[in-house]
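Everything on this sheet refers to the single structure shown next.
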Amino acid sequence: MVLEFRKGAIFVDELRNVSIKIGEITEEEEEWAPMGPTPFPQIETLRDWDFTLLKRYKPFYAPYCDMCCLCTMGKCDLTENKRGACGISLEAQTGRIVDIAVAIGTACHTGHARHMLHDIEHITGKKLEEIPVDLGPEISEVAPLTQLITGIKPKTLADLERALTYVEEQIVQVMDAIHTGQEGSYLDFESKAFHLGMMDSLGKEIADIAQIVAFNLPKGESNQPLIELGMGVLDRNKAIVLVIGHHAPPALNIADYIENNKLGDEVELAGICCTAHDMSRYWPKAKIAGSLGRQLKVVRAGLADIIVIDEQCIRADILYHAGKLGIPVLCTNAKAMHALPDMTKKDPKEVIKYLLDGNPGAVVLDPLKVGEIAVEVARARRKKRGEIKPVLTEEQFMSYAKACTQCGTCTIACPQKIRIGEAMEAAEKGDRKVLEEKWDVCITCGRCEQVCPKNIPIIDMFNYAAWNRILNEKGKVRRGRGPVRDSEIRNVGAPIVLGTIPGIIAVVGCSNYPNGTKDAYTIVNEFASRNYIVVTTGCMAMDCGLYKDEEGKTVYEKYKDDFDGGGVVNIGSCVSNAHIHGAAIKVARIFAMRNIRANYEEIADYILNRVGACGVAWGAYSQKAASIATGVNRLGIPVVVGPHGSKYRRAFLGRPYNDEDWMVYDVRSGQKVRIEPAPQDLLVAAETIEEAIPLIAKLCFRPNDTDKGRAIKLTHYIDLSLKYLGRMPDDWHLYVRTETDLPLAKREE
Ligand code: SF4
Ligand code: SF4
Ligand code: SF4
């Protein structure tokens, strides 16, 4: 028998032979808003909404592989409408593979959030219920995704943990459905992918809010300091600690150790990927060496006295590359231990000695020990090393250039199709410019080196040719500020919904760009200069800060740090992406006064039809990027990916010609009406930056734009098409509802 007591006290006289267990004490949920229809939605709860999206935005599959070998009845050939031995079709199998990718990405962010909560308790010595979720006086809607999905408005981290437990359960349920002999329809696989994507968004929000409140990271303030960025900003005279990954607590301990021991003049702390963002949110003296695409460039250039890895986006062969230069690797997270000995329980002094004795690395899973070990190893190694120079000598460079036979094997293996042989031939003849120019396009995947019959260290050749560029790569990125403030939403809610601010462009994600980092700058600069609101996160937030205008200003110096038309706001790391969803949700809550409590479908429908936002993941590469995009899509926000994004195997493309797909009810007349195809697609890959930029502008159209707003959006769409493609878009007339929608210049024609 279970008795539930909410308040008061009980007295039981003469109690004997009775054991009393006190479990979790739950407080009455504060009635911050009426409970909506879908608290803690399960797999099936939002299926109708998913099917509404999937009817309009049909999944377009480009299967990378039309075989399946997931069980021992296979492998099964699924070509020409054949079904596998389990009965699955190719389209359902493709949906299933999409689910697997999205599940991996979602698990990654969620595992990160769980790890964060554990580390917070360990580092602060506090229980989660003792840590308030307080984002300052200007943010009342503290956790829009948590509020929207679960109905909880968190007061402490313990409330967020309840939401996290729910996310973990949902991931397990969907993974269960991916097992052979469960789901059979591609539509339901896609609905499950949407469900996972939504969980991914929630997991990210929990992870980021937790680190913000526990470690006092910025809480949405404007005018954040500028962080030094680029391979050239590392002070090579100092001992360099290089951190790589996404889970910041060990890096924060390194910052504390430097600061507490006043070692700033002697030790440089720099990072790659999102740990770099998050540690600079904690300690602005930390530097950002670069995005994921720079990882091997930095490591192979020897720009580290120790490498500290945590989780996600770390090269699987990091030990090999670091080992070649004798750089020790400290693993700080159980997700990436690389067969190194676990020395967590050892005295830090013992670990320091072990690493200085020439061992390749060690595992230390206690973030509170990492600072001392990393810094002291780096200091000791700095004393012994000389100046950091290119790894190759001039003679070696020339002899490798001569050894190249221009066989082209590397180009076939290269995902960027760089004509390495031609660049080598030019270098041999004294022209190193070609290698230098392609240095930035190269994503340092290392595939070329794997196949070169002459064993040429191609990445070292690039680094040698581009050494001056490396030394001068000095950019700036604004420190990630986390959430958008309610007060900012109050100011821009109306112009966004009316369309007079033409859109919110979220420039996010990884750096697997088709043609180098400059594209990130081009996208940000183009839209900010046109009064769009530009928000950035992750690798793209870094890469856009590498370039300067004629006045020597980066985009972060040129544009204001406000969530407003013409602003460029760095939100932060990948998990900070959740605040971009949060901003869209807050438009519905603060501007339109919608109830966001456990009311996902209504709010997603509102965002799809009224909030002109578009995500751009130009270099998306990981499973996390797949889960991020899928979560954004379910919330009604379209996403453009670069050409490598087509390898995710599916797009959500609308059919503008299909009247049936664009019929909606007009609330005022109660009639079914045909609307313009806006937004036209939900997930689409563009081949070139020239194709992408007008497309991004087009995906900001919304059916509810006012005529003034539509005229502004059309002006940009047409202008960008003329600028980048040299022609009028062939579908611009589809977005003209009345004469007043026409851009002024067009009215006169
Ligand atoms: S899961 Fe189905 S399609 Fe795949 S190998 Fe097994 S039987 Fe074949
Ligand atoms: S390391 Fe660079 S050049 Fe080599 S295959 Fe990868 S992208 Fe191409
Ligand atoms: S594979 Fe090696 S030898 Fe062949 S073109 Fe490339 S660098 Fe030259």
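The figures that follow rest on heavy atoms only: side chains count, while hydrogens, waters and symmetry mates do not. Computed from a predicted structure; not experimentally measured. In each ligand, atom 1 is the first atom listed, and ligand 1 is the first ligand listed.
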(request) Pick one of side chain, backbone, both or neither for how Thr444 approaches ligand 2, counting any non-hydrogen atom pair under 4.0 Å. (result) backbone
Give the numbers and elements of all ligand 1 atoms closer than 4.0 Å to a heavy atom of [X].
X      : value
Cys86  : 1 (S), 2 (Fe), 3 (S), 7 (S)
Gly84  : 3 (S)
Cys76  : 3 (S), 5 (S), 7 (S), 8 (Fe)
Thr180 : 1 (S)
Arg96  : 1 (S)

(message) Tell me if the CZ atom of Phe60 is crowded by more than 12 foreign heavy atoms within 6.0 Å.
(response) no
(message) With a sphere of 6.0 Å drawn around NZ of Lys454, does it hold more than 12 non-hydrogen atoms of other residues, nucleotides or ligands?
(response) no
[X] side chain to [Y] backbone, donor-acceptor under 3.5 Å:
X      : Y      : value
Asp66  : Leu78  : no
Gln623 : Ile104 : no
Ser576 : Ser573 : yes

(message) I'd like to know if the side chain of Glu422 pairs up with that of Gln406 as donor and acceptor (distance under 3.5 Å, no hydrogens or angles considered).
(response)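 Not at all, the side chains of Glu422 and Gln406 share no donor-acceptor pair under 3.5 Å.
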Atom pairs and distances, donor-acceptor, side-chain atoms in residues 423-430, under 3.5 Å, two or more places apart:
none

(request) Report the relative orientation of the aromatic rings in Tyr547 and Tyr521; use parallel for angles under 30°, tilted for 30 to 60°, perpendicular for over 60°. (result) tilted
(request) Before accepting this row, confirm whether a basic side-chain N of the pair Glu183/Lys192 lies closer than 4.0 Å to the acidic partner's carboxylate O. (result)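 Salt bridge between Glu183 and Lys192, a charged N being under 4.0 Å from a carboxylate O: yes.
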With heavy atoms of [X] as the reference, note each atom of ligand 2 found under 4.0 Å away.
X      : result
Gly446 : 1 (S), 6 (Fe)
Phe462 : 3 (S)
Cys445 : 1 (S), 5 (S), 6 (Fe), 7 (S)

(message) Let's test this: below 2.8 Å, count the protein N/O/S atoms around atom 6 (Fe) of ligand 3.
(response)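 Of the protein's nitrogen, oxygen and sulfur atoms, 1 lie under 2.8 Å from atom 6 (Fe) of ligand 3.
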(message) Taking only non-hydrogen atoms of Lys82, do any sit less than 4.0 angstrom from ligand 1?
(response) no
